[in-house]
Number of protein chains: 2
Amino acid sequence: MTAGEASGRGPRERMVFSAAQLLRRGGVGATGMRDVVEHARAPRGSLQHYFPGGKEQLVNEAVQWAGRYAARRVARFVAALPEPTPSGLFAAMVHQWTDELATAGETSGCPVAAAVVDRAGACESTRKATATAFATWTGPVAEALADMGVPPARAEALATLMISAVEGALLIARAEGDVRALTTVVRELGPLLDGAVVRD
Amino acid sequence: MTAGEASGRGPRERMVFSAAQLLRRGGVGATGMRDVVEHARAPRGSLQHYFPGGKEQLVNEAVQWAGRYAARRVARFVAALPEPTPSGLFAAMVHQWTDELATAGETSGCPVAAAVVDRAGACESTRKATATAFATWTGPVAEALADMGVPPARAEALATLMISAVEGALLIARAEGDVRALTTVVRELGPLLDGAVVRD
DNA sequence: GGCCGTCTATGACGGCTGTCATAGTAGCGG
DNA sequence: CCGCTACTATGACAGCCGTCATAGACGGCC
């Protein structure tokens with residue numbers, strides 16, 4: 001979700017991308033439509049053209065985009081891992097955020113989490129969008145675990161645990177302005193994850 | 001954080017309580033000052049009297065209150081546990097939310113998480129308030145683990161892991177409208193927690 | 001009674017928000 | 001050149017927000 005991710009694309013995709021970006025730092029309330037347009041360097045008039053459903057639609061698409069993005073990341077991690085282990089995958093997933101906090105000194109959060117916090121109770125369509133986003137994120141993780149030798153039944157559960165831990169630790173890390181919680185979670189959860197692998 | 005928690009108290013404490021309550025469901029943006037006053041059945045004029053620092057102060061106090069509340073809960077769990085084990089404590093912590101979702105069919109989230117998502121990047125004082133809230137929550141948990149036989153060095157780390165897992169699973173549960181993530185996390189993390197106990 | 005500190009009441013203000021109405025331009029097939 | 005579709009431009013609107021100014025009520029204490 002770094003910069004340059006959406007250059008060359010059409011204005012529509014740039015707006016979705018920018019919305020996700022802005023959601024990460026201030027939540028739904030602090031993310032104005034005008035801000036999105038400006039951040040995406042898109043024409044303002046295009047808003048009502050591409051997103052007749054208004055802010056709700058834009059937020060929903062941003063959330064779904066984030067889900068697909070996370071899934072893509074996982075796939076890339078798995079492909080790049082020298083010798084794939086569950087703890088290695090988990091470390092790679094977390095590393096993305098520790099890096100960001102280390103370089104920028106301040107983290108943005110997860111756009112899906114922001115949508116849940118701000119809209120889950122008020123807007124059913126957005127709630128569903130966040131649910132599918134988590135699902136499209138959990139899927140590849142569970143699949144990767146299964147490929148590493150984790151029994152399929154447990155792979156799904158462990159994937160949920162991994163994502164829960166990441167999201168929670170990210171909250172704490174943002175609060176503390178420090179990567180401590182993220183690194184702690186990686187260290188403590190690693191052995192458990194690797195222990196679920198069944199040698200064959 | 002159930003109803004009746006703040007009856008009989010002065011209007012000031014009622015407003016802090018109500019703020020925390022409202023933060024849980026819609027985040028900071030959706031929580032208006034007028035809403036807080038109405039929810040607390042407090043006089044509107046008292047706002048600028050008790051909270052001259054405005055919304056920022058009110059949110060900060062609500063967050064700190066939530067931290068103390070969570071710590072109190074943990075202490076009560078520990079006292080009530082028949083035979084104290086780390087997994088038992090963790091299950092009790094999570095049970096509070098599964099209960100709420102089961103009865104109400106819809107969960108509110110954690111006010112501290114809401115404050116982080118909506119204000120961590122914009123308001124330094126609120127960010128610090130969330131950090132101390134997490135700290136006052138983690139403290140009793142780590143202490144309880146140490147009392148159960150977990151080496152103090154690991155107790156702190158495991159407490160962070162537990163709270164991370166709860167917060168993350170709560171996000172997923174709200175998104176899915178289902179307790180699945182919460183129960184999964186309890187089941188998968190339990191053995192790891194109990195395994196950290198050093199018999200003497 | 002007069003004063004004062006604590007608390008409450010109420011209306012107004014400026015600013016920002018999402019949304020919409022209306023009009024305009026660009027490009028293309030005919 | 002016409003007409004059509006896709007896209008953009010811009011200003012206005014109603015509504016809500018947090019904040020503040022001002023003034024009133026209550027109660028104790030000299």
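To find a chain, count down the sequence lines: A is the first, B the second, and so on, and within it residues start at 1.
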How long is the line joining [atom1] of [X] and [atom2] of [N], in whole Å?
X	N	atom1	atom2	result
Phe51(B)	dG18(D)	CZ	C1'	15 Å
Tyr50(B)	dC20(D)	OH	C1'	19 Å
Gln48(A)	dC13(D)	CD	P	16 Å
Met15(A)	dC7(D)	CE	C1'	10 Å
Arg12(A)	dC7(D)	CZ	P	10 Å
Leu47(B)	dG18(D)	CG	C1'	10 Å
Met33(A)	dG15(D)	CE	P	20 Å
Glu38(A)	dT17(C)	CD	P	11 Å

Practice task
Mark yes or no for whether Arg119(B), through its side chain, and Thr126(B), through its backbone, hold a donor-acceptor pair below 3.5 Å.
Solution key: no

Exercise for the section: Would you check if Thr160(B) and Glu188(A) make a side-chain contact, meaning some heavy-atom pair closer than 4.5 Å? Expected result: no

Problem - Residue mapping more 5' on DNA chain D - nearest nucleotide basis, Arg34(A) or Ala42(A) - result: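 With Ala42(A) and Arg34(A) compared, the 5'-side residue is Ala42(A).
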
Handout entry: dC7(C) phosphate, OP1 or OP2, under 4.0 Å from His49(B) side-chain N/O
Key =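 For His49(B), the contact criterion (side-chain N or O under 4.0 Å from OP1 or OP2 of dC7(C)) is met.
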
Handout entry: Nucleotide of dA9(D), dT19(D), dT8(C) approaching Arg44(B) most closely (side-chain heavy atoms)
Key =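 Ranking dA9(D), dT19(D), dT8(C) by closest atom to the Arg44(B) side chain puts dT19(D) first.
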
Completion exercise
Val36(B) and Ser18(B) have their tightest heavy-atom pair at O-CB, 4.0 Å

Practice task
In plain terms, say whether Arg12(A) and Glu61(A) are close enough for a salt bridge, that is, a side-chain N and a carboxylate O under 4.0 Å apart.
Solution key: yes

